[in-house]
Amino acid sequence: MTAEQFFTRYAALSMGDDDRSMAELYAPSFFVAGPKGSMVFPNDARFVEWLTQMRAFNRQHRMRAIAPAAVRETVLSPIHVLAYVRWSARFEKTGDRAVEFDIAYLIERADESWRVLGYVSERDQEEEMRALGLL
């Protein structure tokens with residue numbers, strides 16, 4: 001599976017209801033970083049609950065679709081890739097106009113697929129959504 005195929009699956013799962021399958025795309029522990037700092041999280045029942053809350057948040061704010069618009073890869077080792085993903089999201093309020101944002105992921109080969117070791121978001125999601133009038 002290519003990194004682009006992985007992120008296409010990631011997007012489909014993020015719009016669905018199978019939070020356990022979404023959690024399986026992450027390593028047993030992983031880091032999250034952005035403009036406000038970084039943290040390391042365990043991939044446990046609390047993470048699955050957080051995924052459920054994020055799905056509810058996205059639905060509450062009428063996210064209609066999300067897909068990788070572009071995936072650029074830098075191979076770091078035989079099993080590690082730094083993937084720069086430009087996401088394209090559509091909301092009810094934005095109609096056909098896509099909202100795009102960039103996130104860099106450190107991913108590791110896991111059997112026939114990948115798993116997320118961590119990611120860095122260029123911008124804060126809530127601030128961006130507020131600026132676009134989505135909150």
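Residue numbers start at 1 and run along the sequence shown. We use all heavy atoms of the structure for the numbers below, so side chains are in, but hydrogens, waters and symmetry mates are not.
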* Asked: How long is the span from the OH atom in Tyr105 to the CZ atom in Phe6, to the nearest 0.5 Å?
  -> 8.5 Å

* To do: Return the orientation label for the Phe7 and Trp87 ring planes: parallel under 30°, perpendicular over 60°, tilted otherwise.
  => perpendicular

* Structure fact -> Note: Phe30 and Val116 closest approach over all heavy atoms is CB-O, 3.9 Å

* To do: Starting at CZ of Arg64, measure out to CG of Asn58 and round the result to the nearest 0.5 Å.
  => 11.5 Å

* **Reference residue Met22; test side chain to side chain contact (heavy atoms under 4.5 Å, CB included); the match among Val48, Leu51, Asp17, Thr52** => Leu51

* Asked: Is the backbone N or O of Gln5 less than 3.5 Å from a side-chain atom of Trp114, with the two atoms forming a donor-acceptor pair by type?
  -> no

* To do: First locate atom CG of Leu76, then atom CG of Leu82, and finally report the distance between them rounded to the nearest 0.5 Å.
  => 5.5 Å

* Asked: If you measure from CZ on Arg115 to CD1 on Ile107, what distance do you get to the nearest 0.5 Å?
  -> 12.0 Å

* Measure up the Tyr26 and Tyr119 rings against each other and bin them: parallel (under 30°), tilted (30 to 60°), perpendicular (over 60°). => perpendicular

* Asked: If you look at every heavy atom in Ser14 and Arg55, which pair is closest and at what distance?
  -> O-CG, 4.4 Å

* Pairwise distance CE(Met63) to CE(Met15) - rounded to 0.5 angstrom -> 6.5 Å

* Asked: Do Asp102 side-chain atoms and Tyr84 backbone N/O form a donor-acceptor pair below 3.5 Å?
  -> no

* To do: For the pair Leu25 and Arg9, evaluate side chain to side chain contact (heavy atoms under 4.5 Å, CB included) and give the outcome as yes or no after the intermediate values.
  => CA-CA 9 Å; Leu25 300 180; Arg9 181 168 184 258; 3.1 Å; yes

* Asked: For the residue pair Pro68 and Ala11, what are the closest heavy atoms and their distance?
  -> CD-CB, 4.2 Å

* To do: Grab the two heavy atoms, one from Glu73 and one from Ala3, that are nearest each other, plus how far apart they are.
  => OE2-CB, 3.3 Å

* To do: Grab the two heavy atoms, one from Glu100 and one from Ala69, that are nearest each other, plus how far apart they are.
  => OE2-CB, 3.9 Å

* Rounded distance [0.5 Å steps], CZ in Arg46 versus CD in Gln53 -> 10.5 Å

